[in-house]
Amino acid sequence: MASDATDVGKWFGDAGSIDRTTGRLFKWGCLGATALALFLMLVFLLYVFNDAFAPLSADPGWLLTFTGTVLLPMLGLGAYYYRRDPAAGRVAYTALGLPIVMGLFAGGVWLLFRHVAPPRMWFGFVVALAIVVALVRAHERIRPNATDERTVLLVGGTILALVGVPGLFPSLRNLVLSAPALPTVTVMFLLTFALPIATLAGWYVRKGRESTRAGTIALAVVLVAAGLGLVIGPVAGVLPATWVIAVSPVVGALVMYVDRVLRQGEGTSGFAFPVVVVAGILAGTAIADLADFAGPETWLNRDFLTGVHSTTAVEAGIYPALVGSVLILIVIVVSAFPVGIAAAVYLEEYAPSGGKLGRFIELIEINIANLAGVPSVVYGVLGLAIFINLLNMGVGTAVVAGFTVGLLILPIVIISTQEAIRSVPDSRRNASYAMGATKWQTVRNVVLPESMAGIFTGTILALGRAIGETAPLLMIGVPAVVRVSPESFFSRTGAMPRQILTWSTQIETDFRYGVLAAGVVTLLVVLLTMNATAIVLRNRYQQSR
């Protein structure tokens, strides 16, 4: 509508005073909606945690003991960091959370070694690939300009190492495993699991401090901590191989983080926080044992995490469903993320914007945006039709579940990666082109590193959604109850969301409240860990850029 000629050139405040009431109501309305959502979520979490841990079932003396030894020191140190030293607060919370996150990662790795990749298979796999890498590195030193030869050596050597030539040559992996003498399982893990982590920690410290001696010390610290399992493991009732798998990533991550904080010289007092927490837990446990205070009768305990489904609520466990969820996540990561990121790179960097092909690309992008809003049950029907009925890959297997849920989050991965790539300023690309770089070199050296923080955040949050999906699992026949853990990706498997749904339909009250709450907390811990990992990776890349 055309404006009145008399209004041209007049300020909108000329007619009277400016009314800010609407703006204020909008601001406070937004604040109220946010506070209400957070309050409802907090009430739900407190309700679930109360059912899972039952803290009020403990003796009052036990509650007072741990309040004095753990809770109050934590609150006191937290208040000090908040008011006096915020940098130390960030170090404190990271130093406390990092071992927990890496411990969960080690738990997932342990599940893989136990159910999917036995130690001998893993040892042969790593040694065979190490031989191929050594040959490629040697070729690079002898003939540095023969890139094509090196590519053929890398691809052909990898095939010979893992598969061999059927009927002619056995794989290098089988030749390694056919040796007359092989190391013990613990030594296998020390060489193929702890040593690479220690090498990574040593390389990180050596690079940061520009000191070979410092890198060697960091490498030795990780190896010694892992090797202590040979002595401490039997005394503590832990298998030495399990000790190596659990300790190596935790100590390796702590060594790198401590070195980084010490080099920056800021917030070092934050390392007192995890020490106070651990000391408080040990002191509280000792006092409670001496005074014979009974702790809470929690549903979420070691027996629940390592047990299988039972018709009795007290004996019910989530272990087979936990293993199944880990296998499904691996399939999703391997299948959906490379495809999604590659598709986003093509659409943003290589796809034409005009012509017939450009209109076709635009049609594809519209469909991707629409697919992100399709109900999850539709993807379940799609997985049932393609992977089970057409390809006959088996009902309710881990690989089918992973592919189906991977299709569900694929549009989300593509869209989030496109947004991350789109946020890279064109001036960075133009500067790269001005220096003579090709399109691929610009994408590899400028665009992907600049957008990596957003890519990490989007993909890991998509993974968090994938682990909680239930409708696609119902459609592809993931069983409600599994008493035996899957032994491969093609075994019929359970999943945590499917198991939790089963417990919610039980008549017995202990199932619908205690066991169900323990399962929900387990799933929430996995989700929050992944979200925390996404935040840490995003902040890490933002700081490094």
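Note that the structure is a prediction, hence the values are computed from the model and not measured. Counting begins at 1 with the first residue of the sequence.
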Identified side chain to side chain contact (heavy atoms under 4.5 Å, CB included) counterpart of Ser451 within the set Ile421, Thr417, Val345
Ile421

Distance from [X] atom [atom1] to [Y] atom [atom2], nearest 0.5 Å?
X      : Y      : atom1 : atom2 : result
Cys30  : Leu25  : SG    : CG    : 11.0 Å
Leu347 : Arg422 : CG    : CZ    : 9.5 Å
Asn445 : Trp440 : CG    : CH2   : 8.5 Å
Leu223 : Leu191 : CG    : CG    : 9.5 Å
Gln264 : Asp259 : CD    : CG    : 10.0 Å
Leu172 : Ile159 : CG    : CD1   : 13.5 Å

Tell me, do [X] and [Y] make a side-chain contact under 4.5 Å, heavy atoms counted?
X      : Y      : result
Glu140 : Val136 : no
Val91  : Thr268 : no
Val222 : Val251 : yes
Pro99  : Leu254 : yes
Pro497 : Ser325 : yes
Tyr257 : Tyr204 : no
Leu327 : Val331 : no
Leu501 : Ser504 : yes

Heavy-atom pair with the smallest gap, counting every atom of [X] and [Y]:
X      : Y      : value
Ala495 : Val478 : N-CG1, 4.2 Å
Ala218 : Val255 : CB-CG1, 3.8 Å
Pro486 : Thr493 : CG-OG1, 3.5 Å
Pro338 : Val333 : CD-O, 3.3 Å
Val400 : Thr404 : O-OG1, 2.8 Å
Ala480 : Gln499 : O-OE1, 3.8 Å

Could you walk me through whether Met496 and Val526 pass the side-chain contact (heavy atoms from CB on, under 4.5 Å) check?
CA-CA 11 Å; Met496 284 195 289; Val526 176; 4.3 Å; yes

Would you mind writing out the side-chain donor-acceptor pairs for residues 357-374 within the sub-3.5 Å range, not counting sequence neighbours?
{"unit_1": "Glu365", "atom_1": "OE1", "unit_2": "Gln418", "atom_2": "NE2", "d": "2.8"}
{"unit_1": "Asn367", "atom_1": "ND2", "unit_2": "Leu363", "atom_2": "O", "d": "2.7"}
{"unit_1": "Asn370", "atom_1": "ND2", "unit_2": "Ile366", "atom_2": "O", "d": "3.2"}

Would you say that more than 12 heavy atoms from the other residues, nucleotides or ligands in this model lie under 6.0 Å from the [atom1] of [X], or not?
X      : atom1 : result
Tyr350 : OH    : yes
Phe125 : CZ    : no
Glu149 : CD    : yes

Short side-chain to backbone donor-acceptor contact, [X] and [Y], under 3.5 Å:
X      : Y      : value
Arg143 : Arg150 : no
Thr502 : Arg498 : yes
Arg492 : Val482 : no
Ser248 : Ile245 : no

Let's go through Leu448 and Val443 carefully: what are the C-alpha distance in whole Å and the side-chain angles of both, what is the deciding distance for side-chain contact (heavy atoms from CB on, under 4.5 Å) to 0.1 Å, and is it a yes or a no?
CA-CA 6 Å; Leu448 287 179; Val443 171; 4.1 Å; yes

May I have the step-by-step check of side-chain contact (heavy atoms from CB on, under 4.5 Å) for Met188 and Val126, ending in yes or no?
CA-CA 10 Å; Met188 285 182 181; Val126 174; over 6 Å; no

Using 30° and 60° as the class boundaries, would you call the ring planes of Phe189 and Phe113 parallel, tilted or perpendicular?
tilted

How are the rings of Phe387 and Phe403 set relative to one another: parallel (under 30°), tilted (30 to 60°) or perpendicular (over 60°)?
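Ring orientation of Phe387 relative to Phe403: tilted.
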
Hey, mind stepping through Tyr433 and Lys439 against side-chain contact (heavy atoms from CB on, under 4.5 Å) and telling me if it holds?
CA-CA 8 Å; Tyr433 294 142; Lys439 184 79 172 179; 3.2 Å; yes

